[in-house]
Amino acid sequence: MKIVMIGSGYVGLVSGACFADFGHDVVCVDKQESKIVALKRGEIPIFEPGLTDLVRSNAAAGRLSFTTDLAGPVGQADAVFIAVGTPSRRGDGFADLSYVYAATREIAQALSGYTVIVTKSTVPVGTGDEVERIIRELRPDAEFAVVSNPEFLREGAAIEDFKRPDRIVIGAEEERARTIMADVYRPLYLNSAPILNTSRRTAELTKYAANAFLATKITFINEMADLCEQVGANVQDVARGMGLDNRIGNKFLHAGPGYGGSCFPKDTLALIKTAQDHGTPARIVETVAAVNDQRKRAMGRKVVAACGGSVRGKTVAVLGLTFKPNTDDMRDAPSLAIVQALQDGGAAIRAYDPEGMEQAKAVLPAGVTYCADAYDCVAQADAAVIVTEWNIFRALDLDRVKSLMAAPVLLDLRNIYRPEQLRAKGFTYVDVGRGLPPDAPAKAINAA
Ligand SMILES: NC(=O)c1ccc[n+]([C@@H]2O[C@H](COP(=O)([O-])OP(=O)(O)OC[C@H]3O[C@@H](n4cnc5c(N)ncnc54)[C@H](O)[C@@H]3O)[C@@H](O)[C@H]2O)c1
């Protein structure tokens, strides 16, 4: 199959490289010339485990190429995937579809022969209809079908997710397009990955429903963590007790600083808008988004409380900046709100992230001191906060950390350490929902 990927970001590049690895002939297109120049040299503009090798080997085999020119490859393609960004629109939070529609207009002009146009970007219900309308208007002669094929990969495990997906959702309105999509995914079909054939609108909504549900699960356990702190219960045990029930499952029940990243925050907002526009407000999702939003800044207050009620004139070390480990993606990372809240409270911030420093510098407030490693980061700090659970933070030399810090106050917002271990070493240790807040023991014990 000849495949064109419009947009060579986290989704486009991973999908393009994986399709090439299946044996298809793939051209990845991007508007950003610097990205394409780098990719042609074998340099990968994002951090994603395994991606460099996959891109280089498929490019060397002649199955994967990169260009800024959309027209040439689209004219030859069996399937053109739209994998451009759909960020939240300024002002109302609905998905900004301007990149999708701009790409659609460019694709329309270049179509030649029967082509399947596939929206892989996360797009609100009805976007496929609009993509189809735009193309029909610009090219009444064109032979094409518009299909929805939402992507479910997770950054940090993207290649594995793409090659061994839980399911592939294909929303198509005609058989001919389904047949081409089946050919595109045939290698996975042979691996017996479940393929769910649906209508186009159903596929579009499935992606939002899945993300909103996951965001709800995270937010639910976060609220349980807050309650655990007040009543002296352990949220990890609560989560285990819940998760062993097969109807619930144990994934996404890790209490923490609130969800972030390139998908959940914007997708929950877009779903909320879609539901409101159709007169069926998604009240649970509305609450989830509001609760999560407040939580990130509340984590800043948690640090302030651990520092005795004020961070003015104090130094706080922030360990981990990206929204999760194994990515350099800083989009809507909880660290953004936490750092801002601490700076607002008068703290000086030292920060370190194994992969996300460059991206972080572009989006974190000014005045942050970027450090060479975790130990440099905690030097002379009055408190250290683990915000992202990178593996290297799981195995810190705690004696060294303690000796470097001005005061041994550690906030573990990912619950990666054992409280007894840290307290035995003399740390003031604060986690999320496994013990008691610094000011609560008496209250909790009395309540018990
Ligand atoms: N990142 C994820 O984990 C993930 C997972 C599943 C789905 N998605 C969805 O996939 C879509 C893409 O997300 P992403 O994280 O890969 O975004 P991204 O910002 O990393 O990449 C988008 C790319 O598209 C390019 N682009 C924009 N308009 C273009 C055009 N007209 N022609 C060519 N290139 C163009 C941009 O330059 C950019 O490189 C979004 O809708 C997102 O919600 C993302």
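Atoms within a ligand are numbered from 1 in the order they appear, just like the ligands themselves.
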Give yes if a backbone or side-chain nitrogen or oxygen of [X] is under 3.5 Å from a nitrogen or oxygen of ligand 1, and no if not.
X: D30; result: yes
X: K207; result: no
X: E155; result: yes
X: D329; result: no

**Report entry** side-chain hydrogen bond (donor to acceptor under 3.5 Å, both in side chains) assessment of D412 paired with Y429
**Finding:** CA-CA 7 Å; D412 177 2; Y429 175 79; 2.5 Å; yes

Run the salt-bridge test on [X] and [Y] with the 4.0 Å N-O cut-off and return the result as yes or no.
X: R295; Y: D226; value: yes
X: K324; Y: D329; value: no
X: D267; Y: K207; value: no
X: E174; Y: R176; value: no

With backbone taken as N, CA, C and O and side chain as the heavy atoms from C-beta onward, which portion of [X] lies under 4.0 Å from ligand 1: side chain, backbone, both, or neither?
X: A102; answer: neither
X: K35; answer: side chain
X: R331; answer: side chain

Query raised in the report: Should the pair F19 and F81 be assigned to parallel (<30°), tilted (30 to 60°) or perpendicular (>60°) ring geometry?
Result: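 Correct class here is tilted.
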
Report summary line: Closest to atom 16 (O) of ligand 1 among protein heavy atoms sits V11 N, 2.8 Å

Report task. Measure the distance from atom 33 (C) of ligand 1 to every protein heavy atom, then report the residue, atom name and distance (to 0.1 Å) of the closest one. Result -> K31 N, 3.4 Å

Requested in this report: From the options T327, L13, V84, T86, select the one whose nearest heavy atom is closest to atom 26 (N) of ligand 1.
Outcome: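 When every heavy atom of T327, L13, V84, T86 is considered, V84 comes closest to atom 26 (N) of ligand 1.
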
**Report entry** From the candidates E151, K120, K266, the one that places a heavy atom nearest atom 42 (C) of ligand 1
**Finding:** K266

